[in-house]
Amino acid sequence: MRTEEVLAAIATGLWRWDNAAGTVTLDAEAARLLGLPPEPGSYREAAVRSRFHPVDWNEIYGVVNLAVAEGSLAEARLRIVDERGQVLRTVRSRSKPVFRTDEDADSEAYVLYGTLQEVAEPQPGATDAAHTPITGDWRRSREAFLLDAGRALAEARSTAEVLRVAGSLSMPGFSPDGLAVFGSAGERLTIIGHHGHNIGDEEPFTDMPLDTDYPAAEVVRTGRAIYLPSPEEYRRRYPATWPLARRFGRQSWAFLPLVSSGRTMGAWMAGFQHPVGFSPDERAVLSTVARMLAQALARAGVAETERELSLGLQRSMMPTLGPEIPGMTVAARYVPTGGGLQVGGDWYDMIPLPNGRIALVIGDVQGHDVRAAGLMGQLRIALRAYASEGHRPDAVLARASRFLSGLTDAYESVEGDEEPPAPRFATCLYAEVDPEAGTLDIARAGHPDPVVISADGTAVIRQTAGGLPLGIETDSDYPTTRVVLEPGETIMLCTDGLIETGGHDMATGWTRLRPVLEKPVEDLEQLADALVQAVHGPTSHYTTGPLADRREDDIAVLVLRRESAPAPERAARRSVLTIAQAEPERISVGRQLVRELLHDWSDPEQVDSAVLMVSEMATNVLVHTDGDALMVAEVSGEQGERRLRVEVADASDELPHKRRPGEMASSGRGLLLMEMLADAWGVDPRGEGKSIWFELYESDEPGVL
């Protein structure tokens with residue numbers, strides 16, 4: 001007797017459903033059960049689908065997709081309807097999807113082979129969980145659960161958070177009491193995390209060979225789910241590892257593959273204290289959770305890899321201070337912008353030089369992304385190399401500019417057909433420090449000027465000569481300015497992120513920082529912290545915390561103080577500036593320098609007078625001599641009774657003399673102005689040249705000279 005005859009005798013029909021061709025082949029019994037003529041035939045998919053109740057068709061469609069994904073049997077209860085929609089009978093369908101292997105078939109094409117058998121309608125109160133129709137309330141609960149679970153897993157940012165969310169899931173009607181997530185490393189099974197177990201319970205499973213006769217290992221090998229509805233089934237299928245599972249006292253287990261981007265990355269185990277039949281709907285819930293769990297773990301793994309890469313970059317590229325500088329103290333801070341990458345384009349460095357001096361470097365590569373960090377690292381190495389060769393500050397920056405320009409050109413040349421990004425540039429300040437003399441020879445490439453804090457706490461922006469940012473031109477000049485630090489004075493170097501964050505420009509940002517710089521502190525570390533906190537709050541110098549994502553730009557700060565010997569109660573403010581014949585525009589720097597020194601002077605008119613006299617003195621040197629002018633400005637004394645003394649020296653032996661210019665004369669009034677505006681003035685001959693000076697005495701009554 002043929003198989004078809006045997007099945008027909010027990011009212012069971014056969015069908016073959018080809019999803020790619022859209023055809024269904026039925027034997028005579030299957031056709032009868034579907035309400036079609038009781039004879040073998042082939043039908044279009046639409047003709048067969050019209051025989052199923054619409055609600056049941058949606059259910060069978062999901063069950064079949066689940067079976068395709070798991071490689072398991074698809075079993076469902078279906079109501080058969082006639083042309084008018086009246087229910088004729090209820091049938092049970094059991095089928096197995098088989099993927100097509102012919103060359104012309106799509107990779108997802110399959111053929112469904114199955115049986116149909118008429119069954120009696122379930123009686124009220126029936127408890128057959130595997131075959132009871134799903135109620136609307138259960139379906140709504142399932143959908144709500146999956147929505148909440150998907151949202152919670154999507155928000156998890158680390159593997160630990162994903163495992164915590166997975167452990168807190170309460171599935172509708174069949175919540176597991178124990179969960180475990182397995183991974184694979186090489187040919188070994190590992191435990192990523194677990195929930196509902198005691199500490200140490202995971203030890204037998206932490207380093208298990210993948211060829212072990214254990215459900216999770218088989219799932220990782222095959223990529224197919226395994227459902228074990230009873231201890232007897234577990235013991236029958238996996239006798240070797242049953243003793244490991246028996247001690248937990250569970251009744252049912254589900255092991256599902258964790259698949260991400262088509263790759264089985266591990267397995268998820270859900271264990272139940274009560275028997276679970278694993279109906280198609282229950283398996284659908286578990287499979288959906290497994291897919292979401294795999295995606296969440298994959299996202300968390302990528303995020304943790306990026307964080308580890310970021311930390312590695314940060315550890316390798318994080319600015320560091322070198323050995324101690326004799327007679328000087330140095331402190332520094334680096335604060336990245338925030339977000340995932342904790343290293344950006346800002347940096348500082350301290351480089352020992354062959355001549356025994358120290359180079360201080362601070363810079364800012366355009367941007368906050370990975371490329372900015374990469375360019376920063378390469379530029380920092382190049383600067384160290386050029387400095388170690390013994391070049392002067394101007395030569396170091398000129399070479400670094402050519403180096404960076406070559407790097408950006410090379411980057412554009414490998415971009416292929418894609419539109420290349422705009423070239424990157426960098427600002428930089430390079431200072432060669434002589435600890436014994438207290439001098440800093442500074443070359444500046446588009447970077448903010450340094451700030452000098454005198455021994456009495458007055459903070460002054462020290463304007464220095466500068467050139468274009470690095471990488472703009474291959475041949476750029478970077479003039480050098482010498483700054484002298486007196487004992488007890490401090491110089492602050494920073495990137496523009498410290499000044500301009502929070503919607504400030506350079507002027508308003510400086511106004512915000514000045515009180516911080518002028519507040520007396522003994523420890524430079526406290527000053528560095530105070531500068532960063534003034535911009536971002538008390539937690540911003542860490543790479544995590546509530547303000548981490550609010551930072552607008554990277555920050556680098558470098559503070560250097562020249563140690564002072566025992567000094568009088570009130571130290572003098574003092575600043576020195578050289579004005580070269582070829583740089584008459586630096587007279588404006590001298591004027592600004594005097595204004596900064598007198599920023600808290602009680603009489604504004606005296607400040608204007610001092611600025612005018614400085615301008616006249618420096619101009620006379622440049623016009624009437626062939627040498628440079630050296631300006632020294634000093635403020636001494638107590639508040640309200642201070643004295644300003646300004647000297648402008650040159651190398652000419654010719655002494656100035658007063659003139660009587662007419663009304664239309666354009667010069668000759670310098671000494672007359674000093675006679676009218678200064679409290680005291682004079683000319684002192686020197687061995688080489690002369691020095692002309694004036695003094696102003698502070699008065700508590702504005703306008704009184």
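Keep in mind that this is a model prediction, so the values were computed, not measured. Computed over heavy atoms, backbone and side chain alike; hydrogens, waters and symmetry mates excluded.
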Over 12 non-hydrogen atoms of neighbours within 6.0 angstrom of CD in Glu232: yes

Mind checking what makes salt bridge (Lys or Arg N to Asp or Glu O under 4.0 Å) contact with Arg246, not counting sequence neighbours? none

Can you find a heavy atom in the side chain of Leu33 that is under 4.5 Å from one in the side chain of Ile80? no

In Phe248, Phe272, Tyr234, Phe278, the residue satisfying ring-ring contact (aromatic ring centres under 6.0 Å, His included) with Trp253 is Tyr234

Side-chain contact, heavy-atom cut-off 4.5 Å: Arg188 with Pro209? yes

So, using salt bridge (Lys or Arg N to Asp or Glu O under 4.0 Å) as the criterion, who are the partners of Arg94 when residues are at least two apart? Glu75

Reported CG-to-CZ distance for the pair Leu189 and Arg221, which is rounded to 0.5 angstrom: 10.0 Å

Nearest heavy-atom pair of Leu379 and Ala426: which atoms, and what distance? CD2-CB, 3.8 Å

Taking salt bridge (Lys or Arg N to Asp or Glu O under 4.0 Å) as the definition, give me every residue that meets it alongside Arg236, ordered by chain and number, with sequence neighbours left out. Glu233

Indicate yes or no for a side-chain donor-acceptor contact from Thr190 to the backbone of Gly183 under 3.5 Å, with no hydrogens or angles considered. yes

The reported gap from CG in Leu293 to CG in Leu179 (rounded to nearest 0.5 angstrom) is 9.0 Å

Does the side chain to side chain contact (heavy atoms under 4.5 Å, CB included) test come out yes or no for Thr115 and Leu14, once each step is laid out? CA-CA 5 Å; Thr115 62; Leu14 294 176; 3.7 Å; yes

Is there a side chain to side chain contact (heavy atoms under 4.5 Å, CB included) between Leu112 and Asn19 once you walk through the steps? CA-CA 8 Å; Leu112 200 66; Asn19 82 314; over 6 Å; no

Quick check: closest heavy atoms across Leu228 and Pro215, and the distance to 0.1 Å? CD1-CG, 4.1 Å

Specify whether Phe255 and Phe182 have parallel, tilted or perpendicular ring planes, treating 30° as the upper limit for parallel and 60° as the lower limit for perpendicular. tilted

Quick one: does Leu34's side chain get under 4.5 Å of Leu26's, heavy atoms only? yes

Which pair of heavy atoms, one from Asp213 and one from Thr241, lies closest together, and at what distance? O-OG1, 2.7 Å

List for me each residue that meets salt bridge (Lys or Arg N to Asp or Glu O under 4.0 Å) alongside Asp177, sequence neighbours excluded, and say none if there are none. Arg250

Evaluate the side-chain proximity of Glu29 to Pro38: yes if any heavy-atom separation is below 4.5 Å, no if none is. no

In Å, rounded to the nearest 0.5 Å, how long is the span from CH2 of Trp347 to CZ of Arg380? 9.5 Å

Ser287 side chain to Ala284 backbone, donor-acceptor under 3.5 Å: no

Here the pair of heavy atoms bringing Val219 nearest to Ala267 is CG1-CB, 3.9 Å

So Val91 and Arg89, side chain to side chain contact (heavy atoms under 4.5 Å, CB included) or not? Walk me through it. CA-CA 7 Å; Val91 299; Arg89 62 183 60 87; 4.2 Å; yes

May I have all residue pairs that pass side chain to side chain donor-acceptor pair (under 3.5 Å) and include part of residues 257-272, sequence neighbours excluded? none

Point-to-point distance, once rounded to the nearest 0.5 Å, from CG of Leu116 to CG of Leu78: 7.5 Å

Heavy-atom donor-acceptor pair, Asp18 side chain to Thr23 backbone, under 3.5 Å: no

Heavy-atom closest contact (Leu286 atom, Ala254 atom, distance): CD1-CB, 3.8 Å

Just jot down the ring-ring contact (aromatic ring centres under 6.0 Å, His included) partners of Trp15, sequence neighbours excluded, or say none. Trp17

Determine whether Leu210 and Val220 make a side-chain contact, defined as any pair of heavy atoms from C-beta on separated by less than 4.5 Å. yes

Between the OG1 atom in Thr25 and the OH atom in Tyr113, the distance rounded to the nearest 0.5 Å is 9.0 Å

As an exercise, state the distance from CG of Leu256 to CZ of Arg291, rounded to the nearest 0.5 Å. 10.0 Å

Identify the two heavy atoms, one from Arg237 and one from Tyr227, that lie closest to each other, and give their separation to 0.1 Å. NH1-O, 4.0 Å

Test side chain to side chain contact (heavy atoms under 4.5 Å, CB included) on Glu83 and Arg51 and set out the steps. CA-CA 8 Å; Glu83 293 82 353; Arg51 296 295 176 171; 3.0 Å; yes

